[in-house]
Each structure stands twice: as structure tokens, then as C-alpha cells.
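Report on the structure given below.
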Number of protein chains: 2
Amino acid sequence: MNPAMTPDAEMGHQAAGETALTNGPATGGDSDDLIELLFFAYRDFVGDPDRILAQYGFGRAHHRVLHFVDRYPGLTIAELLDILRITKQSLNRVLKDLIDQGYVEQQTGTSDRRQRLLFCTPSGRALTADLTRVQVRRIVRALDAPAEDEETEGGRGTRAASAQDFLLAMIEPAERAAIRRLMARRATVRA
Amino acid sequence: MNPAMTPDAEMGHQAAGETALTNGPATGGDSDDLIELLFFAYRDFVGDPDRILAQYGFGRAHHRVLHFVDRYPGLTIAELLDILRITKQSLNRVLKDLIDQGYVEQQTGTSDRRQRLLFCTPSGRALTADLTRVQVRRIVRALDAPAEDEETEGGRGTRAASAQDFLLAMIEPAERAAIRRLMARRATVRA
DNA sequence: GAAGATAAGTCAGTGTTGTTGACATATCTC
DNA sequence: GAGATATGTCAACAACACTGACTTATCTTC
């Protein structure tokens, strides 16, 4: 469930190619790294709750519904559809699961009785809190992590550099070395 | 393809709840917002290339393969599997598409003839460049965006605040107002 | 109060992308 | 030559998205 990208050794500092030396307007070079880091960071970020959800037979779609209903109690179906950008049919499938199993409740709208206002039940709130906890833990860890100390640069301060630090710190620690190694390899191949 | 979350009006500044007032270690409160912003930012971030890919009959899976093969020419199947964390069978389906349509080429490994080294063809590089361009554009725009100027706070400097700024700026501009409005609504409901 | 718009729910079919499990083939290593 | 490794493939299945068509309840408007 949690293999490093390549099964070999560690590596403290990267070879430091053209990474984050700019201070003016952002350049494409920084962004290239950010594209990749976003992929890895987001993957690990949703991976945490995925493991919990699997125990309940739920998936990411259920998570998204739980999250928004928990955070915005009384959300209507239409609002939820706008947020998630999925079709009514897709939403209904997972929403039905959550309602049938007692994690979400519907309540007829007061001003407009056509609407179905969505609320988490106590167990829905508990499950959501579980899911939120692991994600918050990862984010807090990333925000508190010391800035990457690259030999090629003293001060740091570029926004791209901060973003890189944050996203890198969001990645599962055990995999960071492998990802740094991979990204250094790119720096080697090109300019 | 690009509807705002709710079809109504604009809104300049948010009501400013407890957002980003901390300066010490990160708190859960900041992270709650970041969880949501990550969802919206990532959604729009992958939405750009999705539109291009659809014209070729490709999906996100094809994009990921193109991206990593383009960036790390000579990647082996095993390395790609480690990066993407999918099964051989899943990879093969999309990889076959890309090879059959001439966007990716295989080359028998030199030192180890069992390996298949992956390379982008010129058209593969061109397509990848297209996909990268729209993503870089969004990232550069986000990095260059002025910091959010919340009335409740002068200096800014919290890492959580920077992360929020970055992620908010990654969101499709036309939807930002609606998302700010949504998130302000949460601040109203709770403390 | 009837007509039309709107919010929600549902049935049926399809596509992409992921999964398992079981094997086949070529090549390397010992 | 034996066994491990890298890749490829067949078949079945699941999650989650889609389209299109239609129903029901309720609100709005004339």
C-alpha cells in the first residue's frame, strides 16, 4: 500500500538544477516542478482518507459529499451539485449510500418545500471528523516543516519556492527522497 | 463546461472569519480551509488539460503517462508503475493507446534488454507541451497574483495564509467569488 | 387556479480508469 | 540450466463519472 517510488536508497540533498532561483515574476521552470509536486502531494493527501473510507465500503465520492455536508449543514442538492460538478445521477448513487447507512439526513426545505436540505447525523460528523483529522495532520505537518535548505540559495523567499516547500512537505515522508531523486534526474537530462 | 458554483452575483471581500490569524505553529482552523481549497484548486488545475485531451480521445491517465515520459525520457515500465502507483494492466491500456497513435515510443533497453525504455515522439512532445502550457499558465498566474488583502490583517506572512493565497489564485477566476462566498458561509455558521 | 418553471429522484445504458488473478515470454543472474 | 525479473496479455469486476429520458412534488406567474 505504501511503496517508495523506487526500491533503493536514500538521498539527502538534490543536485539542485535550476530550481527556484528566480525572484521576479514566476517563470515556467518553477511551474514545471510544481505541476509534478501537485500530483504527488494531492495523491498522498487523498490517500490518507481513502484508507479509512475503504473500511466503510466508501470511496472518494462519499468523502466529498460528507465533507461538504458536514461543513455546510443545510446544503441543498443543487448547491452540492454545483460544488462537486457532477451529475445528479452520480451524486444520487453515493448520497443514497450515505443516507441509507445513516451518515447523512435529508430535511424538507422550510421556505421551499421542493428542496432537500442535507445534514450529517452524529455518526456522519464523527466519520467526517476522522477523515478531516488525517488530512489536517498532514497539512499542519507541511506548514510547520522547516523550509528546504538548498545549498545554491540562502534566503529563500520566492513564492514558487514556498509553494514547492509546502507541496513537498505534503508528500508522504517515506517517498520524498525518491521523488527528490526523480526530479533531480530531470534536472540532469535537460539544462 | 465552466459554470460558476452558483449562478448569482459577485463579491469583493469576504466577511473574514477566523482566517489566518495565527503566526505560531499551524492550527487546524487554517487547515480546514486548505483542505477545501486543495480540492477546488486541483479540480481546476486538471480541468484545463482535460479539455485538450478530450479532443484526442484521451483522458487523465494518458496525460499522466505523457507527462512523465516527456519529462523523464527513457523511463522504464517499472519506474512508471512506481510513479503512478497503478497496476501494470491499467498502465498498459493507456500506454498502448499512446504507442498505437504515435505519441510514445518504446526502445529495448541497452544494458538490460528486458526493459522497455519509453520516449515521446515529436508529436508526443508537442501534445505534452500543449498540456503543460495551460497548467504553467495557471500556476504562473497564481504565483504572480497579489496577496489577498484581508482587512483583519496587515502584514500577512503566515505560511497558511500564503498557501491559501496560492491555492485560491489557482482556482478559475470566474468561480473564485462563489467559493469565497461559500467559505464565508461556513465561517458564519460556526465560531 | 391553471400553466409553466424548478428541485429532486429514477431507470437504463455507456465509458474511463482503476482493481485481482492467472499466465506467457524474453532476458538476466547465478 | 534454474530461478528471478521485466514486460505483456486475457478475463472479470468495481467505482465513478457520463448521457438521455422521464416522473413527482412544489413553486411562481399570469
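Lettering follows sequence order; numbering is per chain, from 1.
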**Study point:** Results of ring pair (Phe, Tyr, Trp, His ring centres under 6.0 Å) for B:F58 - residues two or more places apart only
**Key:**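 For B:F58 the ring pair (Phe, Tyr, Trp, His ring centres under 6.0 Å) partners, ignoring immediate neighbours, are B:H62, B:Y103.
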**Study point:** Set of residues satisfying ring pair (Phe, Tyr, Trp, His ring centres under 6.0 Å) with respect to A:Y42, sequence neighbours excluded
**Key:**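 B:Y42.
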Between [N] ([atom2]) and [X] ([atom1]): distance, integer Å:
X      : N      : atom1 : atom2 : result
A:L81  : C:dA8  : CG    : C1'   : 9 Å
A:Q107 : C:dA8  : CD    : C1'   : 16 Å
B:L84  : D:dT7  : CG    : C1'   : 16 Å
B:Q115 : C:dC28 : CD    : C1'   : 10 Å
A:D50  : D:dA14 : CG    : P     : 19 Å
A:L118 : C:dA7  : CG    : C1'   : 12 Å
A:I83  : D:dA17 : CD1   : C1'   : 18 Å
A:E79  : C:dT6  : CD    : P     : 17 Å

Exercise for review: With side-chain contact (heavy atoms from CB on, under 4.5 Å) as the test, would you mind laying out the steps for A:F40 and B:R85 before giving the verdict?
Suggested key: CA-CA 11 Å; A:F40 290 121; B:R85 299 268 200 77; over 6 Å; no
Point to revise | With A:R116 via side chain to side chain contact (heavy atoms under 4.5 Å, CB included) - residues at least two apart | key: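 Side chain to side chain contact (heavy atoms under 4.5 Å, CB included) list for A:R116, sorted by chain: A:I77, A:Q106, A:T108.
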Can you name the side-chain hydrogen bond (donor to acceptor under 3.5 Å, both in side chains) partners of [X], sequence neighbours left out?
X      : value
B:H63  : none
A:T76  : A:E79
B:Q115 : none

Practice item. Could you note down all residue pairs passing salt bridge (Lys or Arg N to Asp or Glu O under 4.0 Å) where residues 92-115 of chain A supplies at least one of them, sequence neighbours left out? Key: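 Qualifying pairs: A:D112-A:R114.
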Exercise for review: Spell out protein contact along nucleotides 10-20 of chain C as letters: B when the base is contacted, S when just the sugar-phosphate is, - when no protein heavy atom is under 4.0 Å; keep the 5' to 3' order.
Suggested key: BB-----BBBB
Point to revise | Heavy-atom protein contacts under 4.0 Å, nucleotides 23-30 of chain D, coded B base, S sugar-phosphate only, - none | key: --BBS---
Point to revise | side-chain hydrogen bond (donor to acceptor under 3.5 Å, both in side chains) pairs, two or more places apart, involving residues 129-139 of chain B | key: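 side-chain hydrogen bond (donor to acceptor under 3.5 Å, both in side chains) check on residues 129-139 of chain B returns B:D48-B:R138, B:D130-B:R133, B:R138-B:E172.
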Check your understanding: Is it true that A:V46 and A:V134 fall in one hydrophobic cluster, defined by side-chain heavy atoms closer than 4.5 Å?
Key ->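 Yes, one cluster joins them.
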Point to revise | Pairs touching residues 111-133 of chain A that satisfy ring-ring contact (aromatic ring centres under 6.0 Å, His included), sequence neighbours left out | key: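 Qualifying pairs: none.
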Point to revise | Difference in axis direction between the ends of the helix from C:dG1-D:dC30 to C:dC30-D:dG1, five pairs, 10° | key: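 Taking the rotation axis at each end, their angle is 30°.
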